[in-house]
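All remarks here apply to the structure that follows.
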There are 2 protein chains.
Amino acid sequence: MTDRAPLSKGEMEVARVLWELGRATVRQVHEAFPPERAVDFSTVQTYLRRLDAKGYVRAWLEGRTRVYAPLVKPTTVIRETVDDLVDRLFGGRALPLVRHLIERHDIDEGDLAELRELLDRLEGQSDA
Amino acid sequence: MTDRAPLSKGEMEVARVLWELGRATVRQVHEAFPPERAVDFSTVQTYLRRLDAKGYVRAWLEGRTRVYAPLVKPTTVIRETVDDLVDRLFGGRALPLVRHLIERHDIDEGDLAELRELLDRLEGQSDA
DNA sequence: ATCCTCGCCGTACATTTGTACGTGATTCGT
DNA sequence: ACGAATCACGTACAAATGTACGGCGAGGAT
């Protein structure tokens, strides 16, 4: 409901790093960035500022250093982002996407087991 | 490889309609738009033009009417779009997304069966 | 012949996104 | 105590995005 402005691609990358770190300064986020995806320190800074403005993170000063922490949970962002994608690209049907993910991405043994369990649970829940 | 510029959200919606219609004029795409997601005729026109420029569709004149048809297949766009999303939002791990989709979207009985089959097939394939 | 309508095409324009610099303040090393 | 490093913060700016208007030509109605 909170009708946040959606995250852009770049903002997502930064948000993900912040979720991993839990709480971090600009520098920490910048350093945690995958080396092949190098961006400037101030670019990260800008993204964090924008994430703050959009309400995805909060920030405060600790001494003279600004510290950022996530405000919304990954699951929330996933929901909003993915649902939007599913709507636009598949008109709301999720299965084609699931199929793609399973077939193409490396879902390892453990993941397969987990999926299977999930299916079992769901089947139990349905009308039957 | 063909390194097309990525589709924006709006472009995706239009592309999806065109995939459904297979071949359509601006007006047809415009009319096929879900009523709650109403956009102007010329907005659709602009999107189709941009899809053409980006190489996702092709267009030609039939009499004095321009007709558009998809050039790249849905699966291709899905791959490019979703893989990018998985990278940015999950650092490449697909399972969290799959879990979300299965739990939250309506996966009906038939879909469940299909998924189960898919899992079976994959398990057979792995090294074990 | 005239006028209306439809569609193409060029153009527009505010906002968002990606990417970053420069300035002024602060602190650390020596 | 002086220069070097470090930050926050304001600002910049081109490209992409979302959304749309207006002119002009072709075809149909009167």
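Below, chain A is the first sequence line, B the second, and so on; all start at residue 1. Remember, predicted model here, so these are calculated numbers, not experimental data.
Contact of B:R64 with C:dC6 (side chain to base): a donor-acceptor pair of N or O atoms is detected under 3.5 Å. The base of D:dA8 is not paired with the side chain of A:T65 by any donor and acceptor separated by under 3.5 Å. Evaluation of atom-type donor-acceptor distances gives a pair under 3.5 Å for the side chain of A:Q45 against the base of D:dC9. In the interface, the side chain of B:R49 is not paired with the base of D:dT17 through any donor and acceptor atom under 3.5 Å apart.
Summarising the geometry, the separation between NZ on A:K9 and P on D:dA16 is reported as 13 Å, rounded to the nearest angstrom. Per the geometry, CG belonging to A:D84 stands 15 Å off P belonging to D:dT17, to the nearest Å. Here the P atom of nucleotide D:dT19 and the CD atom of B:E11 are 12 Å apart, to the nearest Å. Atom pair A:R27:CZ and D:dC9:C1' shows a separation of 15 Å (rounding to whole Å applied). Following rounding to the nearest Å, A:R88 (CZ) and D:dG18 (C1') show an atom-to-atom distance of 10 Å. In this structure, B:D40 places its CG atom 15 Å from C1' of C:dC13, rounding to the nearest Å. One atom, OH of B:Y47, and another, P of D:dT19, lie 5 Å apart when rounded to the nearest Å. Taking atom CG on B:L51 and atom C1' on D:dT19, their separation rounds to 15 Å, with Å as the unit.
Using a cutoff of 4.0 Å between basic side-chain nitrogens and carboxylate oxygens, A:D87 and B:R16 are not scored as salt-bridged. Contact check on B:R116 versus A:D120 returns a salt bridge, with a Lys/Arg side-chain nitrogen under 4.0 Å from an Asp/Glu carboxylate oxygen. Under a 4.0 Å N-O distance rule, the pair A:E11/A:R50 does not qualify as a salt bridge.
B:Y56 contributes atom OH, which lies 14.0 Å from atom CG of B:L18 (distance to the nearest 0.5 angstrom).
The phosphate of C:dG18 (OP1 or OP2) has no side-chain N or O of A:T43 nearer than 4.0 angstrom.
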- Task: Decide side-chain contact (heavy atoms from CB on, under 4.5 Å) for A:E13 and A:Y47; before the verdict, give the C-alpha distance in whole Å, the side-chain angles of both, and the deciding distance to 0.1 Å.
- Result: CA-CA 9 Å; A:E13 289 181 282; A:Y47 277 131; over 6 Å; no
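Heavy-atom nearest nucleotides on DNA chain D were determined for A:T46 and for A:R66, and the one closer to the 5' end corresponds to A:R66. Sequence order on DNA chain D of the closest nucleotides to A:R50 and A:L61 puts A:L61 first from the 5' end.
Here A:S8 lies in heavy-atom contact (under 4.0 Å) with sugar-phosphate atoms only. A:R37 comes within 4.0 angstrom of sugar-phosphate atoms only, judged by non-hydrogen atoms across all strands, and of no base.
When each of C:dG18, C:dC8, D:dT17 is scored by its nearest atom to the side-chain atoms of B:F41, the top-ranked nucleotide is C:dC8.
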